[in-house]
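Data first, discussion second: the structure below is written as structure tokens.
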Amino acid sequence: MRTGRPKQPLTLTEEERDRLQSLTHRARSQALLARRARVVLACAEGLDNKAVARKLRVSLGMVGKWRSRFLEARLEGLYDEPRPGAPRKVSDAQVENVIVQTLESTPRGETHWSTRGLAKATGLSRMTISRIWQAFGLQPHRSETFKLSPDPQLIEKVRDIVGLYMNPPDHALVLCVDEKSQIQALDRTQPLLPLRPGQVERGTHDYKRHGTTSLFAALELKTSRVIAQLHRRHRSREFREFLDVIEAQVPPELDVHLIVDNYGTHKTASIRKWFARRPRFHVHFTPTYGSWINLVERWFAELTNKRIRRGVFRSVKELETAIREYITVHNENPKPFVWTRTADQILASIARYAQRAVVAPSS
């Protein structure tokens with residue numbers, strides 16, 4: 001019987017065997033590499049190439065190739081060698097030029113570069129500009145807004161309010177209080193075209209105004225339950241009435257910590273007297289231009305997105321009924337908002353913005 005040319009024995013170290021066993025489990029992500037690892041493991045069992053080919057149902061040539069590659073370069077021999085491919089058409093200098101022009105210049109008569117405009121200026125293709133921008137995270141077409149608070153007590157107020165969020169006091173209730181004023185009752189000029197398969201809901205861009213209302217809301221920190229009241233006007237008189245509603249709904253044995261912004265109606269003489277007569281109420285003012293730190297603003301966003309923005313209201317009464325219904329449904333199964341950023345993280349972020357604003361060019 002012909003036994004063929006004798007093969008060099010293939011032996012594995014424990015580390016190589018473990019590594020090969022691991023590679024065999026990559027049948028989905030690296031199928032070719034997994035098959036090569038199985039070939040080497042079978043060869044290490046003492047089988048000849050024909051037996052390995054039959055066992056794994058692969059060609060004899062493949063077994064011989066990867067046995068030889070492994071004996072020559074061990075594990076590194078199982079990986080594909082780099083292929084030459086097409087030469088680069090865009091040099092590092094050209095990439096740098098695109099980045100510098102994007103960051104440090106603007107096209108004549110415009111505020112920012114477009115892919116077509118920069119492609120024309122640099123002689124590169126629009127897709128090349130797009131790929132360079134994507135690789136370096138550049139988005140000249142986008143812009144965001146910010147405003148640094150000039151409040152001299154910014155640090156103290158941030159630490160105070162975030163401290164309430166992260167470590168609320170015992171035997172007390174933390175309420176985030178604010179007003180969503182001038183909510184408009186808007187009716188579309190033509191009926192909505194409803195959602196259907198293959199077609200999103202459509203409505204006219206114009207609308208009819210039917211008046212406004214103002215929503216006073218207090219979001220309970222621990223439960224996210226909302227105490228609310230609607231008024232047609234937005235004065236300290238209405239705010240005082242809302243404080244009476246809060247007082248009536250909070251058990252008398254609990255202290256109350258109110259987080260409010262710096263709106264004038266929160267600081268009138270009548271409001272100060274109201275708080276002075278009720279020592280269990282403690283007021284925490286947000287920093288100037290810092291209403292974003294008040295959690296009730298997050299709930300206002302939910303109300304707007306889920307009930308108001310796409311609603312159709314033919315009167316203020318319809319609008320107020322819809323808002324009350326939303327609050328009732330919310331309070332049946334409230335889900336608390338979780339504040340995650342510490343005061344140090346917020347202040348560090350503000351410091352970075354301030355530093356960038358100082359060093360940024362004025363034009």
Side-chain angles (χ1 to χ4, degrees), residues 144-169 172-183 214-229 231 234-243 245-247 250 254-276 278-304 334 336-354 357:
E144 296 180 351
T145 60
F146 77 98
K147 190 174 183 66
L148 297 177
S149 173
D151 197 320
Q153 295 182 312
L154 170 65
I155 295 176
E156 292 82 359
K157 290 180 177 179
V158 168
R159 293 195 182 281
D160 177 39
I161 294 174
V162 174
L164 287 174
Y165 292 158
M166 306 292 282
N167 188 25
L173 209 62
V174 178
L175 297 174
C176 303
V177 178
D178 202 0
E179 302 88 30
K180 186 173 180 63
S181 60
Q182 300 296 307
I183 308 174
S214 293
L215 172 65
F216 291 72
L219 178 78
E220 186 180 340
L221 176 66
K222 290 184 178 180
T223 65
S224 193
R225 180 177 173 272
V226 172
I227 302 171
Q229 192 176 42
H231 288 281
H234 180 213
R235 302 168 299 178
S236 68
R237 176 180 176 179
E238 284 75 27
F239 182 60
R240 191 176 68 249
E241 290 179 16
F242 181 53
L243 291 176
V245 172
I246 293 175
E247 183 181 32
V250 175
L254 295 179
D255 280 354
V256 184
H257 293 265
L258 298 182
I259 299 172
V260 297
D261 63 20
N262 291 278
Y263 194 63
T265 57
H266 302 159
K267 297 181 176 181
T268 62
S270 63
I271 298 300
R272 291 198 302 269
K273 290 178 181 177
W274 192 95
F275 284 124
R278 295 163 176 82
R280 74 182 182 120
F281 279 78
H282 310 274
V283 184
H284 306 261
F285 289 105
T286 63
T288 306
Y289 306 133
S291 58
W292 49 267
I293 205 171
N294 195 335
L295 267 181
V296 73
E297 295 290 345
R298 183 66 186 84
W299 182 81
F300 282 152
E302 292 283 298
L303 169 66
T304 301
F337 297 106
V338 180
W339 190 273
T340 58
R341 300 197 72 187
T342 65
D344 287 339
Q345 290 173 325
I346 294 171
L347 294 172
S349 178
I350 294 173
R352 288 193 296 271
Y353 271 109

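Residue numbers run from 1 in the order of the sequence given.
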Kindly give the heavy-atom pair with the smallest separation between [X] and [Y], and that separation in Å.
{"X": "V174", "Y": "P169", "result": "CG2-CD, 4.0 Å"}
{"X": "A217", "Y": "W299", "result": "CB-CZ3, 4.2 Å"}
{"X": "L258", "Y": "V256", "result": "CD2-CG1, 3.6 Å"}
{"X": "D261", "Y": "F285", "result": "O-CD2, 3.4 Å"}

Under the ring pair (Phe, Tyr, Trp, His ring centres under 6.0 Å) test, residues paired with [X] that sit two or more places apart:
{"X": "W292", "value": "none"}
{"X": "H266", "value": "F239"}
{"X": "F300", "value": "none"}
{"X": "F275", "value": "none"}

Please lay out, stage by stage, how Y263 and H234 fare under the test ring pair (Phe, Tyr, Trp, His ring centres under 6.0 Å). CA-CA 11 Å; Y263 194 63; H234 180 213; 4.8 Å; yes
Counting C-beta onward and ignoring hydrogens, is there a side-chain heavy-atom pair between [X] and [Y] closer than 4.5 Å?
{"X": "L219", "Y": "F337", "answer": "yes"}
{"X": "W339", "Y": "I293", "answer": "yes"}
{"X": "P287", "Y": "V158", "answer": "yes"}

State which residues pass side chain to side chain contact (heavy atoms under 4.5 Å, CB included) with [X]; sequence neighbours excluded, sorted by chain then number.
{"X": "R237", "answer": "R235, R240, E241"}
{"X": "T223", "answer": "E220, R225"}
{"X": "K273", "answer": "R277"}
{"X": "E247", "answer": "D244, W274, R278, R280, F281"}

What residue pairs, at least two apart or across chains, pass side-chain hydrogen bond (donor to acceptor under 3.5 Å, both in side chains) with a residue in residues 152-163? D151-K157, R159-D344, D160-H284
Residues in side chain to side chain donor-acceptor pair (under 3.5 Å) contact with S291, at least two apart in sequence or another chain: none
Set of residues satisfying side chain to side chain donor-acceptor pair (under 3.5 Å) with respect to S349, sequence neighbours excluded: none
CG (L254) with more than 12 external heavy atoms under 6.0 Å: yes
Heavy-atom donor-acceptor pair, [X] side chain to [Y] backbone, under 3.5 Å:
{"X": "N262", "Y": "T286", "answer": "yes"}
{"X": "S181", "Y": "S214", "answer": "no"}
{"X": "E297", "Y": "N294", "answer": "no"}

Output every pair passing salt bridge (Lys or Arg N to Asp or Glu O under 4.0 Å) with a member in residues 285-294, not counting sequence neighbours, ordered by first then second residue. none
Rounded to the nearest 0.5 Å, what's the gap from CG on L347 to CZ on R352? Could you check? 11.0 Å
Quick check for you: to the nearest 0.5 Å, what is the distance between I350 atom CD1 and L154 atom CG? 5.0 Å
Given F242 and V177, is the side-chain contact (heavy atoms from CB on, under 4.5 Å) satisfied, shown in steps? CA-CA 10 Å; F242 181 53; V177 178; 3.9 Å; yes
For L221, run the side-chain contact (heavy atoms from CB on, under 4.5 Å) check against L173, L295, L175 and tell me which one passes. L295
